[in-house]
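One structure is given below, encoded as structure tokens.
Per chain, numbering begins at 1; letters A, B, ... match sequence-line order.
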Protein chains: 2
Amino acid sequence: MKTRKLHNRIAVLRQERGVSRKELAEIIGVNFQTVGYLERGEYNPSLDLAFRISEYFGLPIETIFSTKPLRPLSQELYGSRDEEGG
Amino acid sequence: MKTRKLHNRIAVLRQERGVSRKELAEIIGVNFQTVGYLERGEYNPSLDLAFRISEYFGLPIETIFSTKPLRPLSQELYGSRDEEGG
DNA sequence: GCGTTATGTTGTATAAATACAATATTTCTC
DNA sequence: GAGAAATATTGTATTTATACAACATAACGC
């Protein structure tokens, strides 16, 4: 299967929560360097790991991960002129 | 990472749609035997593949996959006495 | 019952995710 | 500016997901 690189908001969400990669890694049960790989989009999490991340942030998987580039959460919340067209 | 086996509703949803594994496999871009492995829960899909399945069925990932055993969709829809207890 | 299609099983091969160590660099605190 | 903590980078090893082939069995149409 040709794997698509997915986009994610892990970095922003993590910083909002004020936790380091090391802390987040311990919580979700992976190596702290794995969090780095995920944040940089160097590879996709397994579905199981995606669920753990989703559970920790209290957000649905689709809010954190996406097949299409993600806009800043701020724009997501208040909307931008652009989205009226689409 | 110790991977949890996830539960899913691929088989029921596929049968509802009246498609064979082979057909579903072609649509989501995997080998038809891979669909078998997923339906039997022998391994979890990648997050990318979960997204494709989600897109095909038009349902959020959380509706198709779960960390906890899934009840039949019929019960999910109409509720059962049990769920009142919490 | 025969042929076809769907599914299950087993085995091997490759690709992708994850772990882990070591080191470099950046950032934060004092 | 020294020291600590956070992040990035590189390299190797292991586990898990996926592909593919071959064959067995089950279900279905005629």
Please compare A:Met1 and A:Gly36 by the position of their nearest nucleotide in DNA chain D and report the one closer to 5'. A:Gly36
So, OP1 or OP2 of C:dA19: does either fall under 4.0 Å of a side-chain N or O from A:Thr34? yes
Looking at A:Leu47, A:Asp48, A:Leu49, which one forms a side chain to side chain contact (heavy atoms under 4.5 Å, CB included) with A:Pro45? A:Leu49
Can you tell me the distance, in whole Å, between the CZ atom of A:Arg40 and the C1' atom of C:dA17? 14 Å
note: B:Ile28, atom CD1; D:dA17, atom P; distance rounded to Å ~ 15 Å
Using only heavy-atom distances, decide whether a donor-acceptor pair under 3.5 angstrom links the side-chain of B:Gln33 to the base of D:dA19. no
Roughly, in whole Å, what's the span from NZ in B:Lys22 to P in D:dA19? 15 Å
CZ (A:Phe57) and OG1 (A:Thr63) are apart, to the nearest 0.5 Å, by 12.0 Å
Answer yes or no: does a side-chain N or O of B:Ser46 lie under 4.0 Å from OP1 or OP2 of C:dA17? no
Under a 4.0 Å threshold between the charged nitrogen and the carboxylate oxygen, would A:Glu42 count as salt-bridged to A:Lys5? no
When the distance from CG of B:Leu49 to P of D:dT16 is rounded to whole Å, what number comes out? 18 Å
Check this for me, if you would: do B:Arg17 and B:Glu23 make a salt bridge, where the nitrogen-to-carboxylate-oxygen distance has to be below 4.0 angstrom? no
Counting side-chain heavy atoms from C-beta on, which of D:dT18, D:dT16, D:dT9 comes nearest to B:Tyr43? D:dT18
Measuring from atom CG of B:Leu6 to atom OG of B:Ser66, what distance do you get when rounded to the nearest 0.5 angstrom? 8.0 Å
Would you indicate, yes or no, if D:dT16 has its OP1 or OP2 atom less than 4.0 angstrom from a side-chain nitrogen or oxygen of B:Asn44? no
Would you mind reading off the distance between A:Arg52 atom CZ and C:dT18 atom C1', rounded to a whole angstrom? 11 Å
Which of these nucleotides, D:dT18, D:dT7, C:dT18, is closest to any side-chain atom of B:Leu38? D:dT18
Taking CG from A:Asn31 and C1' from D:dA6, how many angstroms apart are they, rounded to a whole number? 14 Å
Can you tell me how far P of C:dA19 sits from NZ of B:Lys2, to the nearest Å? 13 Å
Would you say B:Arg14 places a side-chain N or O within less than 4.0 Å of OP1 or OP2 belonging to C:dT7? yes
Options D:dT16, C:dA16, C:dT18, nucleotide nearest the side-chain atoms of B:Thr3: D:dT16
B:Val30 side-chain proximity, nearest of C:dT18, D:dA19, C:dT7: D:dA19
Using whole Å, what does the distance between atom C1' of nucleotide D:dA17 and atom CG of B:Leu47 come to? 13 Å
From the list D:dA17, D:dG11, D:dA6, which nucleotide is the closest neighbour of the side chain of A:Ser20? D:dA6
